[in-house]
Every structure is written in C-alpha cells, then in structure tokens.
Amino acid sequence: RAKAEGKNRFCFYSDALQAGATRREILNRDLQRALDRREFHLHYQPQIALSDGRVSAVEALLRWEHPQLGRVGPDEFVPLAERNGMILPIGVWVLRTALAQLAQWRAALAPGLRLAVNIAPEQLADSHFPHALLDALQRHGLPPDAVELEIVERALLQEHRNSELMTLKAYGLRLAIDDFGTGYSSLGYLKRFAIDAIKIDRSFVAGLPHDTHDAALTRSILAMARELDITVIAEGVETRAQRDFLQAHGCGFAQGFHFCRPLDADGLERWYRGGARAGAPA
Ligand code: C2E
Ligand code: MG
Ligand code: MG
Ligand code: MG
C-alpha cells in the first residue's frame with residue numbers, strides 16, 4: 001500500500017511538473033505547510049577550540065524532509081522562505097527548538113556550551129524577533145551570551161534592520177558575521193555593532209594551505225581580527241593540513257567535516273560522549 005501511495009505521489013508530482021509547475025513553485029507552495037506537518041528538524045555541528053580541542057559551541061542547521069522530494073537543502077529553500085515570508089515562523093521554530101536543546105545539553109552534557117544560530121536578514125527586520133528570542137532565553141533560564149547570532153554582511157546594509165540588532169547586542173547576545181568576506185560591505189560595521197566573531201567562509205578555507213590567494217586572505221582576516229580583538233571561526237575545515245595552517249596563523253576556532261559533520265541531536269550527543277570536551281570559549 002505504501003508503495004502504491006508512493007507511486008501516486010510520484011505521479012502527482014510529475015504531473016505537477018508536466019503542468020508547468022517548476023520544482024521551485026512546488027517548494028514555494030509546500031513551504032507554507034511544512035511547519036504544521038513537522039517536516040523540519042535540526043542538525044548540529046560542533047565548533048572546536050583549536051588550542052585544546054574542546055567544543056565551544058554547536059551551530060544549528062535546518063533540515064527539510066519533503067514527503068515526496070526527500071531532503072531539500074537549506075541553500076535551496078531558505079532563499080525561497082526569505083522571499084515568501086515563511087522564514088519568520090520557521091525562524092521562530094528554529095530558535096525555540098535549538099534553545100530547548102541547548103538548555104538540555106547545558107544541564108546534562110556540557111555546562112559552558114553555546115549555540116550558534118543562523119538568522120536571516122528578514123528576521124532582523126521583524127520587530128517581534130527580539131521578543132521571541134529573549135522570551136525563549138528566559139523560558140529556558142539561559143544567559144544571553146550562550147547564544148551567538150550568525151548573520152551575513154548584507155543584513156547590516158539596511159538601516160531599518162539595525163535597531164533590532166542593537167537591542168539584542170545590548171541584552172548581551174553575541175553576534176557573528178557568517179561567510180565573512182563574501183558579501184560587500186564596509187568594515188565599519190565591525191565596530192558599530194561590536195561584532196564578537198567572524199566566520200571565514202569555506203570558499204577561502206578550501207584552498208588552504210597551498211592556494212596563495214586563499215592563504216593571503218586568511219592570514220589577513222586573522223591579522224585584522226587579532227587587532228580588533230574579534231574571535232575567528234574557520235568554516236568548512238575538511239583536512240588536517242587546513243587545520244594546521246589555521247592554528248599556526250592564530251585562528252581560535254574551527255568547524256568542518258574534519259572534526260564532525262552536522263548530526264541530529266542524538267548523534268551529536270553520542271559523538272560528544274565519545275570523547276569531545278566542552279567549555280566556555282576563551
Ligand atoms: P552556513 O551558515 O554558512 O553553514 C555552513 C554550511 O557548510 C552548512 O551547510 C554545513 O553543513 C556546511 N559544512 C559544514 N562543514 C563543512 C565542510 O567541512 N565541508 C563542506 N563542504 N561543507 C560543510 P547547510 O547545512 O547546507 O546550510 C547551508 C546554509 O543554509 C547555511 O550556511 C545558512 O546560510 C543556511 N541555513 C541553515 N540553517 C539555517 C537556519 O536555521 N536559518 C537560516 N536563516 N538559514 C539557515
Ligand atoms: Mg552559519
Ligand atoms: Mg557560513
Ligand atoms: Mg554559507
């Protein structure tokens with residue numbers, strides 16, 4: 001029966017495709033009900049202190065299991081959700097789910113653990129967002145500096161988004177610039193928002209240690225961050241050689257398949273109990 005159903009569903013989708021509905025239109029439509037149908041879940045990927053290997057934080061990464069199309073990646077559906085407005089309720093779900101998980105881990109697994117969470121520019125423009133975030137922190141008894149908001153440079157370009165960010169910063173939440181160096185922006189925002197951390201984009205990490213351009217960029221970012229007293233997290237670290245280069249040039253933290261792939265909550269917990277250590281980052 002399940003097989004027949006699967007086949008019908010497949011027919012339905014291929015009919016929809018034949019009728020001219022693009023995959024994008026289908027995803028756009030189905031995003032509206034994915035939350036109610038509980039099709040989202042979170043994976044978590046650890047961030048590692050290079051000095052001693054402890055886990056400083058975990059980044060929550062959103063996953064969508066579409067009933068017919070299977071796993072759809074956030075790089076594909078988050079931009080659609082940003083455009084059709086669904087990123088607002090989805091973003092609140094991500095915050096609530098991830099903060100509940102963090103509270104549980106801090107109580108039972110790793111007291112100093114932090115959560116890094118991706119925040120879309122549209123969420124920053126929503127005046128309800130700071131309230132939803134502070135509410136979730138309070139409900140779980142979490143200190144504001146247990147959470148690091150990852151935002152991309154373009155989120156800082158529009159003035160009307162800045163006041164929410166300033167409010168959250170004043171409450172003690174940490175701010176990180178994601179995919180640092182790939183957006184266009186003046187560096188003035190590093191000071192204006194008292195940015196705590198920058199994440200070196202994995203497109204720069206990929207060429208380490210041999211690509212001279214990537215190596216020069218990485219060294220420059222690390223030197224600048226050191227001067228400004230900003231923490232650096234390298235993303236997409238896949239090899240020992242990349243890790244060694246980053247450590248040798250003073251990068252504090254790293255994240256990537258070399259250490260651990262994003263895992264569901266149970267998987268992350270098993271991995272952690274298998275030998276990782278956690279504590280508040282320096
Ligand atoms: P991001 O925040 O820059 O996340 C890093 C991406 O790199 C993740 O992809 C992660 O799985 C992947 N990654 C981690 N380590 C490695 C590695 O060693 N090698 C390679 N090749 N990739 C690695 P993912 O999970 O597909 O997420 C893609 C993007 O989707 C994220 O980029 C973020 O911009 C967005 N995203 C994910 N979850 C959320 C969310 O809850 N809310 C919002 N607004 N955006 C999200
Ligand atoms: Mg991120
Ligand atoms: Mg990134
Ligand atoms: Mg990215």
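Computation of the quantities below employed the complete heavy-atom set of this structure, encompassing side-chain atoms and omitting hydrogens, waters and symmetry-equivalent molecules. For the single chain, residues carry numbers from 1 onward in sequence order. Just so we're clear, the structure is a prediction, and the values are computed from it rather than from any experiment. Read the numbers this way: they start at 1 and go in the same order the structure lists the ligands and their atoms.
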Original post:
Of all the N, O or S atoms in E59, which one sits nearest to the Mg ion (ligand 2)?
Top reply: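 The closest N, O or S atom of E59 to the Mg ion (ligand 2) is OE2.
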
* Using only N, O or S atoms, tell me which atom of D178 is closest to the Mg ion (ligand 2). =>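 In D178, the N, O or S atom with the shortest distance to the Mg ion (ligand 2) is OD2.
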
With heavy-atom distances below 4.0 Å as the criterion, list the atoms of ligand 1 near [X].
X: V94; value: 41 (O)
X: D179; value: 3 (O)
X: P262; value: 11 (O)
X: E59; value: 2 (O), 4 (O)
X: G256; value: 15 (N), 18 (O)
X: D75; value: 28 (C), 29 (C), 30 (O)

- Task: Establish, from distance only, whether the side-chain atoms of H66 and D30 form a donor-acceptor pair under 3.5 Å.
- Result: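 On atom types as modelled, these side chains qualify, holding a pair under 3.5 Å.
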
How does [X] reach ligand 1, if at all, at less than 4.0 Å between non-hydrogen atoms: by side chain, backbone, both, or neither?
X: K199; result: neither
X: V152; result: neither
X: R63; result: side chain

Output yes when the distance from some N or O of ligand 1 to some N or O of [X] is under 3.5 Å, and no in every other case.
X: L62; answer: yes
X: D178; answer: yes
X: R202; answer: yes

With the threshold set at under 4.0 angstrom, would you say G236 reaches ligand 1 through any of its heavy atoms?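 Yes.
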
Is ligand 1 less than 4.0 angstrom away from at least one heavy atom of E238?
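Contact present.
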
task: Could you name the option among Q45, H258, E82, E76 that has the heavy atom nearest to atom 14 (C) of ligand 1?
output: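 The residue whose heavy atom sits nearest atom 14 (C) of ligand 1 is Q45.
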
Nearest candidate to atom 10 (C) of ligand 1, where distance is taken over non-hydrogen atoms, out of L42, T97, L61: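 Heavy atom nearest to atom 10 (C) of ligand 1 belongs to L61.
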
For a 4.5 angstrom cut-off between non-hydrogen side-chain atoms, does [X] reach [Y]?
X: D179; Y: E235; answer: yes
X: L27; Y: L69; answer: yes
X: L31; Y: I90; answer: yes

Would one find an N, O or S atom of E235, in either backbone or side chain, under 2.8 Å from the Mg ion (ligand 3)?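 E235 does place an N, O or S atom closer than 2.8 Å to the Mg ion (ligand 3).
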
query: Does E238 offer a backbone N or O that forms a donor-acceptor pair with the side chain of Q242 under 3.5 Å?
result: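 At least one qualifying donor-acceptor pair exists.
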
Query raised in the report: Distance-only, no hydrogens or angles: does the E150 side chain make a donor-acceptor pair with backbone N or O of A116 under 3.5 Å?
Result: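 Here the side-chain-to-backbone pair does not exist.
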
query: To the nearest 0.5 Å, how far apart are CG in L190 and CD1 in I177?
result: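 The CD1 atom of I177 is 6.5 Å from CG of L190, to the nearest 0.5 Å.
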
Atom pair CG/CG of L165 and L175 - distance to nearest 0.5 Å: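 It is 5.0 Å, given to the nearest 0.5 Å.
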
Quick one: the OE1 of E150, the Mg ion (ligand 2), OD1 of N118 angle, rounded to 10°, please.
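About 100° at the Mg ion (ligand 2).
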
Salt bridge or not for [X] and [Y], using N-O below 4.0 Å?
X: D266; Y: R270; result: no
X: K199; Y: E59; result: yes
X: R273; Y: E269; result: yes

| said: Under 2.8 Å from the Mg ion (ligand 2), is there any N, O or S atom belonging to D179? | reply: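 Checking D179: none of its N, O or S atoms is under 2.8 Å.
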
Do any pairs count as a ring-ring contact (aromatic ring centres under 6.0 Å, His included) and have a residue in residues 67-112, sequence neighbours left out, and if so which ones?
->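 ring-ring contact (aromatic ring centres under 6.0 Å, His included) check on residues 67-112 returns F40-F77, Y44-W105, W64-F77.
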
All pairs passing side chain to side chain donor-acceptor pair (under 3.5 Å) where residues 217-227 contributes a residue, at least two apart:
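Counting only pairs at least two positions apart or across chains, no side chain to side chain donor-acceptor pair (under 3.5 Å) contact touches residues 217-227.
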
